[in-house]
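Each chain gets a letter, A, B and so on, in the order its sequence line appears, and its residues count up from 1.
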4 protein chains.
Amino acid sequence: MTLAARGGNRGPAAAADNRRALLRAARELFADKGYNVPLSAIAREAGVGQGVLYRHFPSRLDLAFAVFEENFAELTALAEDEAPDAFERVVARMVELMVESVGFVELVVGARGVVTDYQGDRQLAEILTGPLERARAAGLTAPDIGVEAVALALRMIYGVATTARDDDQRRADVAAALSLVTTRWRP
Amino acid sequence: MTLAARGGNRGPAAAADNRRALLRAARELFADKGYNVPLSAIAREAGVGQGVLYRHFPSRLDLAFAVFEENFAELTALAEDEAPDAFERVVARMVELMVESVGFVELVVGARGVVTDYQGDRQLAEILTGPLERARAAGLTAPDIGVEAVALALRMIYGVATTARDDDQRRADVAAALSLVTTRWRP
Amino acid sequence: MTLAARGGNRGPAAAADNRRALLRAARELFADKGYNVPLSAIAREAGVGQGVLYRHFPSRLDLAFAVFEENFAELTALAEDEAPDAFERVVARMVELMVESVGFVELVVGARGVVTDYQGDRQLAEILTGPLERARAAGLTAPDIGVEAVALALRMIYGVATTARDDDQRRADVAAALSLVTTRWRP
Amino acid sequence: MTLAARGGNRGPAAAADNRRALLRAARELFADKGYNVPLSAIAREAGVGQGVLYRHFPSRLDLAFAVFEENFAELTALAEDEAPDAFERVVARMVELMVESVGFVELVVGARGVVTDYQGDRQLAEILTGPLERARAAGLTAPDIGVEAVALALRMIYGVATTARDDDQRRADVAAALSLVTTRWRP
DNA sequence: CATGAATGAGAGTTCATTCAT
DNA sequence: CATGAATGAACTCTCATTCAT
């Protein structure tokens with residue numbers, strides 16, 4: 001139970017707060033309990049009624065993608081850094097997100113074949129394009145490495161993250177996989 | 001308390017048939033709907049009562065591992081081929097299995113932290129060892145590539161397979177990822 | 001995943017009605033069929049969905065104790081009577097409750113080793129203390145008879161009630177047993 | 001798993017052994033797990049197939065009464081002792097049986113209204129008659145105490161045994177109750 | 001607009017009972 | 001006669017979704 005509408009009906013003004021509380025609760029529980037955490041648990045954790053959850057997010061997927069969007073927003077902010085090594089930091093944060101959240105991975109796994117208008121990779125491409133170009137211009141990455149190659153590499157790292165036996169192994173194996181793919185990015 | 005056995009009771013002779021039918025149904029539904037497909041759906045698809053499923057496979061994991069074992073049996077048979085290029089064929093079939101079955105991937109994903117005595121990677125290693133040695137002896141793979149590297153590569157391909165948008169993309173991306181990792185295996 | 005609420009949804013206002021209906025149904029079925037009557041039967045008899053039962057009473061014991069509480073509430077009301085012969089009436093009603101409800105007895109029987117914080121006998125003691133004191137002050141009971149002795153006597157009567165062959169025998173034998181133990185209570 | 005038919009079909013000769021094994025298993029499990037222990041568990045413990053259990057005891061009640069009969073047989077043997085104090089020993093053993101077996105008590109409780117031809121009290125009476133007469137002749141019990149009074153007393157002790165919170169309390173309270181009722185038996 | 005209870009469809013599991021071998 | 005698997009009904013419990021207030 002966090003912030004948000006505990007007592008009575010706080011009126012329209014509460015909508016934005018509620019949405020934020022729901023996103024925060026969902027992010028936490030998706031990470032902890034996985035993508036299939038009960039929606040009722042999310043509403044409870046957010047301190048709102050279940051109806052509110054449904055008003056803001058008609059389906060589990062809508063909620064999950066909204067959380068996903070928060071991840072993307074964070075990454076986008078990182079990507080706006082003009083420094084040539086921002087690319088490296090963006091990728092590093094992406095990989096961390098995969099390692100951190102059970103649900104973030106499961107969402108993608110579970111979404112397979114379900115979501116037709118999945119914008120994940122397009123957004124990924126948009127985020128990566130700028131930093132990658134600046135890194136390439138600074139001679140930090142090979143000229144033949146495009147956004148698609150980076151996206152594929154990230155998906156490969158997902159695979160390692162989801163199949164690790166425990167957290168320690170996950171960090172170690174993800175590092176190894178990352179090193180393997182980034183080797184090919186060197187100029 | 002009930003009336004029981006209204007339909008026919010085919011007797012103990014049906015046991016083997018039922019087991020086979022359950023494995024087939026499970027294999028199909030794990031592939032289609034993923035690891036968390038309802039057990040009741042598997043029993044229905046197999047044309048048996050739910051009690052029969054529970055008799056043969058007391059838990060979802062028992063069933064999943066039985067299906068898993070079929071995969072491993074198939075791969076083991078391939079691995080017994082003494083030809084130097086058997087390694088390549090074993091890896092190819094493994095990759096196909098990942099592409100074919102959502103559940104085969106999810107089983108490994110789901111096993112994370114759940115199954116303590118999970119032998120998946122050990123079995124993987126056992127299967128790969130012989131073919132890999134013979135391939136290396138024949139000069140088909142680099143001398144510094146060990147079983148661990150191959151296993152990590154396979155997990156990376158899992159990631160690509162599970163995150164693909166559709167079957168066509170999956171096949172294409174998996175091929176690209178496989179090519180990426182096998183490039184490093186060349187002598 | 002489901003379609004839900006096909007029938008009417010009477011809204012939150014129904015909560016109190018539902019709770020009452022559940023208590024009534026439970027009281028009836030516990031009496032008729034015993035403590036282990038299916039919860040689904042109670043929900044059906046109350047005319048509510050099973051989810052409603054679970055919302056109000058998360059466990060069988062919660063429900064049973066709620067019914068039990070109704071009994072205790074009734075007895076407590078009787079015990080507040082200041083007349084010296086209230087003790088006699090309280091005991092008489094207790095004995096009736098034992099005779100009336102299979103479940104009331106079985107609850108106590110079933111609670112054995114299951115409920116660690118079972119307050120049944122404490123409540124029993126609280127109810128009996130006042131009336132017993134007033135009866136003793138009025139010279140209606142022997143001075144050496146304490147609440148424990150009364151509680152033990154009641155448990156003995158439970159035994160007779162639960163082992164009687166039919167309702168008639170039960171009434172007769174319970175009366176005999178009650179007479180046997182109350183003889184010792186005389187001053 | 002105890003004795004009896006473990007391997008193949010031992011033929012007709014096994015019937016008596018099986019019956020004995022079933023009774024022993026049932027006695028043990030009724031005492032341990034209560035009257036509602038799964039019949040399959042009894043068959044397993046006896047080391048026989050479930051069909052055998054059904055052949056010998058068509059219903060749970062038949063089995064339970066057969067076990068009950070074993071208790072009566074033991075008591076009957078005790079009752080054949082001509083010594084004047086055999087009565088005391090018979091009663092003591094009866095009380096022990098109540099304390100020892102959850103199922104023995106539950107059987108009686110559960111049988112209420114179910115079994116029409118319940119012979120329990122008649123048998124009880126038969127067992128008690130001889131020893132009681134000899135005890136009375138020896139001046140060990142009051143002349144106005146009949147078999148019915150003893151049976152009622154035993155049922156009262158059942159009540160105490162079934163409502164005790166734990167084994168220690170059970171032994172203590174049963175002793176108190178027994179002392180209470182036997183006080184009235186003194187000459 | 002928010003609340004939170006109602007709803008009911010199953011999922012998982014257990015077992016009594018039957019019956020082919 | 002014994003075996004032990006098949007059968008399926010019934011039970012408990014969980015949620016996604018709706019909707020009166």
Side-chain angles (χ1 to χ4, degrees), chain A residues 4-15 18 36-41 43-44 48-55 58-60, chain B residues 1-19 36-41 43 48-56 58-60, chain C residues 1-19 36-41 43 48-56 58-60, chain D residues 4-15 18 36-41 43-44 48-55 58-60:
Chain A
R6 218 74 59 92
N9 184 334
R10 291 172 43 235
N18 284 347
N36 284 306
V37 66
L39 294 181
S40 55
R44 200 182 322 119
V48 304
Q50 291 187 233
V52 175
L53 190 155
Y54 275 86
R55 170 170 305 275
S59 78
R60 178 186 295 273
Chain B
M1 214 158 280
T2 69
L3 299 179
R6 235 74 64 91
N9 177 340
R10 293 172 44 235
D17 283 356
N18 284 347
R19 196 190 152 88
N36 284 306
V37 65
L39 294 181
S40 55
V48 304
Q50 291 189 229
V52 174
L53 190 155
Y54 277 85
R55 170 175 296 273
H56 287 290
S59 80
R60 177 185 296 274
Chain C
M1 214 157 279
T2 70
L3 300 179
R6 234 74 63 91
N9 177 342
R10 293 172 44 234
D17 283 356
N18 285 346
R19 194 189 153 88
N36 284 306
V37 66
L39 294 181
S40 55
V48 304
Q50 292 189 228
V52 174
L53 188 155
Y54 277 86
R55 170 174 297 273
H56 288 288
S59 78
R60 179 185 296 274
Chain D
R6 215 76 58 91
N9 183 333
R10 290 172 43 236
N18 284 347
N36 284 306
V37 66
L39 294 182
S40 54
R44 200 182 323 118
V48 305
Q50 292 188 232
V52 175
L53 190 156
Y54 275 86
R55 168 169 306 275
S59 79
R60 177 185 297 274

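- Where C:Leu39 and A:Tyr54 meet DNA chain F, the nucleotide closest to each residue was compared, and C:Leu39 sits on the side nearer the 5' end.
- Here the side chain of A:Arg60 pairs a donor or acceptor atom with the backbone of A:Val37 at under 3.5 angstrom.
- With rounding to whole Å, B:Arg19 atom CZ is found 16 Å from F:dA6 atom C1'.
- Side chain D:Gln50 to base E:dT18: no donor-acceptor pair is found below 3.5 Å.
- For D:Arg44 and E:dA16, the CZ to C1' distance is 14 Å, given to the nearest whole Å.
- Of all heavy-atom pairs spanning D:Ala43 and D:Gly49, the tightest one is CB-O, 4.1 Å.
- Taking only side-chain nitrogens and oxygens, A:Ser40 never comes nearer than 4.0 Å to OP1 or OP2 of F:dC15.
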| task | Decide side-chain contact (heavy atoms from CB on, under 4.5 Å) for C:Asn18 and C:His56; before the verdict, give the C-alpha distance in whole Å, the side-chain angles of both, and the deciding distance to 0.1 Å. | result | CA-CA 9 Å; C:Asn18 285 346; C:His56 288 288; 4.1 Å; yes
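- The distance from the CZ atom of A:Arg44 to the CG atom of A:Leu53 is 12.0 Å, given to the nearest 0.5 Å.
- Mapping B:Val48 and C:Asn36 onto DNA chain F by nearest heavy atom places B:Val48 closer to the 5' end of the strand.
- Distances shown here put a side-chain N or O of C:Arg60 below 4.0 Å from the OP1 or OP2 atom of F:dT12.
- Under the Watson-Crick and G-U wobble criteria, each requiring two contacts below 3.5 Å, nucleotide E:dT13 is paired to F:dA10.
- Residue C:Asn18 has no polar side-chain atom (N or O) positioned under 4.0 Å from OP1 or OP2 of E:dA5.
- With a cut-off of 3.5 Å on both pairing distances, the Watson-Crick or G-U wobble partner of F:dT21 is E:dA2.
- Nearest-nucleotide positions on DNA chain E place C:Val52 closer to the 5' end than the other of B:Val52 and C:Val52.
- In this model, the phosphate group of E:dA2 is approached by a side-chain N or O of A:Arg55 to a distance below 4.0 Å at OP1 or OP2.
- One finds no side-chain N or O of C:His56 lying less than 4.0 angstrom from the OP1 or OP2 phosphate oxygen of E:dA5.
- Spacing between atom CG of D:Leu53 and atom P of E:dT18 amounts to 13 Å, rounded to whole angstrom units.
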